[in-house]
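Below is one structure; the comments refer to it alone.
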Amino acid sequence: MLQEAKPDPWKIDDVSLTSRLLLGSAGYPNPQTLSEAIRASQTEVLTVGLKRSLLSGSQTGDNGFVAMAMRTAKAQGARLLPNTAGCRTAREAVQLACMARELYDTTWIKLEVIGDEHTLQPDPFELLAGAAELVKKGFAVLPYCTDDLVLCRRLLDAGCAVLMPWGAPIGSGQGLLNPFALRSLRERLPDATLIIDAGLGAPSHAARALELGFDAVLLNSAVAQAREPVLMAAAFRDAVRAGRQGYQAGLMSSQDFAVPSTPVSGHAFLLGDPP
């Protein structure tokens, strides 16, 4: 008998969610495509870059992209997750987060503090300082970080609601470059909410992240830069569901040797008709 998937909610800051796919809103060819991709993904959390909007001259900015994203997210019942993309210091990120709270009426913030221009790797020292300050100010902080276990523990100790370790450098599409570190992170922080953020390029990458036990994935470029963004959004939606169900079902252990799926040793059998 076919067993239907059971409801499988999870939480960010005591808000119950069912979709485990978080979607970014940058880089789409036009606002209409963005809107359709949001609907196809069935996401319940949409990220928006405040600094990008401000640089374009208004809150909505980017020729209406953010405005379209906000309208579609609201119609779909999705929540906005402003980010501090483009910040290089804790002070700058905290200031931007405070602006985002006023503009978008949310205490959620995806904290990004970049320390290297080539890899766009987070600066662990500025990130931790910014996270601690924002928690004191009443934010639910979701820091974009590396897979460093010690840093992740420090961020949890600082009061972060969720951790968002990278799979690979932002926009690289390389997938999960260090599955050993990610697996260890999941095992060592069993009670933490962990979202793979950055570097995913294919639906199979998202499925693998969920199979490892991560709670969700956040992606942008893999959908926005696809030849058919709306179709790719749907593909990631289904991959995330499949990966989660695989994790719940329990993956078989991998082996370094062959194991027959139909053992015959110790059993009598006939090779043909008797003479």
Side-chain angles (χ1 to χ4, degrees), residues 20-24 26-27 41 45 47 49 81 83-88 110-128 131 142-156 160 162-190 192-227 229 232-233 235-244 246-247 251-256:
R20 294 175 180 269
L21 173 60
L22 288 69
L23 195 65
S41 72
V45 179
T47 65
L81 175 60
N83 65 52
T84 62
C87 291
R88 297 296 186 271
K110 179 191 171 189
L111 179 61
E112 297 185 36
V113 186
I114 300 303
D116 181 76
E117 296 296 332
H118 178 67
T119 64
L120 298 182
Q121 180 173 327
D123 183 321
F125 305 102
E126 294 293 316
L127 184 69
L128 183 56
L142 290 75
Y144 164 61
C145 56
T146 63
D147 51 26
D148 182 275
L149 176 61
V150 176
L151 171 61
C152 287
R153 280 177 167 165
R154 296 292 183 269
L155 289 166
L156 290 173
C160 291
V162 174
L163 300 182
M164 306 183 78
W166 67 355
I170 295 174
S172 68
Q174 297 181 73
L176 307 182
L177 287 183
N178 195 343
F180 172 79
L182 293 173
R183 187 182 296 110
S184 297
L185 199 64
R186 179 70 284 177
E187 292 174 353
R188 299 295 297 276
L189 304 174
T193 299
L194 303 178
I195 301 172
I196 293 293
D197 176 20
L200 303 185
S204 57
H205 299 159
R208 182 57 179 149
L210 272 292
E211 289 169 355
L212 287 174
F214 283 82
D215 296 281
V217 296
L218 189 155
L219 53 97
N220 189 147
S221 300
V223 172
Q225 296 181 17
R227 186 174 63 251
M232 187 61 78
F236 271 100
R237 175 200 66 205
D238 295 341
V240 165
R241 291 173 179 171
R244 178 63 181 177
Y247 173 74
L251 303 177
M252 66 173 287
S253 299
S254 60
Q255 306 285 349
D256 292 331

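As the structure is a prediction and not an experimental result, all values here were calculated from the model. Along the sequence shown, the residues carry numbers beginning at 1.
- For the side chain to side chain donor-acceptor pair (under 3.5 Å) test, residues two or more places apart in sequence or in another chain that qualify with Gln174 are Ser172.
- Looking only at side-chain heavy atoms (C-beta outward), Glu126 and Cys87 stay at 4.5 Å or farther from each other.
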I would like to know whether Leu22 and Val217 meet side-chain contact (heavy atoms from CB on, under 4.5 Å); could you show each step before the answer? CA-CA 6 Å; Leu22 288 69; Val217 296; over 6 Å; no

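- Every pair passing side chain to side chain donor-acceptor pair (under 3.5 Å) that includes a residue from residues 192-205 is listed here, sequence neighbours excluded: Lys110-Asp197.
- Among all heavy-atom pairs drawn from Ala224 and Ala26, the shortest one is CB-O, 3.4 Å.
- Shown here for Leu210 and Arg244, the closest heavy-atom pair between the two residues is CB-N, 3.5 Å.
- For Arg154, the salt bridge (charged side-chain N to carboxylate O under 4.0 Å, His left out) test picks out no residue, with sequence neighbours left out.
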Atom pairs and distances, donor-acceptor, side-chain atoms in residues 177-186, under 3.5 Å, two or more places apart:
{"unit_1": "Asn178", "atom_1": "OD1", "unit_2": "Ala181", "atom_2": "N", "d": "3.1"}
{"unit_1": "Ser184", "atom_1": "OG", "unit_2": "Phe180", "atom_2": "O", "d": "3.0"}
{"unit_1": "Arg186", "atom_1": "NH1", "unit_2": "Gly213", "atom_2": "O", "d": "3.3"}
{"unit_1": "Arg186", "atom_1": "NH1", "unit_2": "Asp215", "atom_2": "OD2", "d": "3.0"}
{"unit_1": "Arg186", "atom_1": "NH2", "unit_2": "Leu189", "atom_2": "O", "d": "2.7"}
{"unit_1": "Arg186", "atom_1": "NH2", "unit_2": "Pro190", "atom_2": "O", "d": "3.4"}
{"unit_1": "Arg186", "atom_1": "NH2", "unit_2": "Ala192", "atom_2": "O", "d": "2.6"}

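- Val162 places none of its side-chain heavy atoms less than 4.5 Å from the side chain of Leu194.
- A 4.5 Å side-chain heavy-atom check between Asn83 and Tyr144 finds every atom pair outside the cut-off.
- Nearest approach of Thr47 to Gly24, heavy atoms of both residues: OG1-CA, 3.1 Å.
- Residues Cys152 and Cys145 meet the side-chain proximity criterion, which asks for heavy atoms closer than 4.5 Å.
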Step by step, work out the side-chain contact (heavy atoms from CB on, under 4.5 Å) result for Leu23 and Asn220. CA-CA 6 Å; Leu23 195 65; Asn220 189 147; over 6 Å; no

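- Atom CZ of residue Arg20 and atom CZ of residue Arg241 lie 12.0 Å apart, to the nearest 0.5 angstrom.
- Within the structure, salt bridge (charged side-chain N to carboxylate O under 4.0 Å, His left out) contacts touching residues 165-182 (residues at least two apart or in different chains) do not occur.
- Within the 4.5 Å cutoff, side-chain heavy atoms of Phe214 are placed close to those of Pro165.
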Using the rule given for side-chain contact (heavy atoms from CB on, under 4.5 Å), can you reason through Leu219 versus Leu21, listing the C-alpha separation, both sets of side-chain angles and the distance that settles it, and then say yes or no? CA-CA 8 Å; Leu219 53 97; Leu21 173 60; 3.7 Å; yes

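- Partners of Arg237 under the side chain to side chain donor-acceptor pair (under 3.5 Å) rule, at least two apart in sequence or in another chain, do not exist in this structure.
- Classification of Arg88 and Glu112 as a salt-bridged pair fails, no side-chain N sitting under 4.0 Å from a carboxylate O.
- In this structure, Arg188 and Arg153 have side chains that are in contact, with non-hydrogen atoms separated by less than 4.5 Å.
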Test side-chain contact (heavy atoms from CB on, under 4.5 Å) on Leu212 and Ile196 and set out the steps. CA-CA 11 Å; Leu212 287 174; Ile196 293 293; over 6 Å; no

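- Between Leu111 and Leu127, the closest side-chain pair of non-hydrogen atoms falls below 4.5 Å.
- Across every non-hydrogen atom of Pro203 and Ala239, the tightest pair is O-CB, 3.3 Å.
- Inter-residue side-chain proximity for Pro143 and Leu163 is flagged as met; some heavy-atom pair is nearer than 4.5 Å.
- In terms of heavy atoms, Ala206 sits closest to Phe236 at CB-CD2, 3.7 Å.
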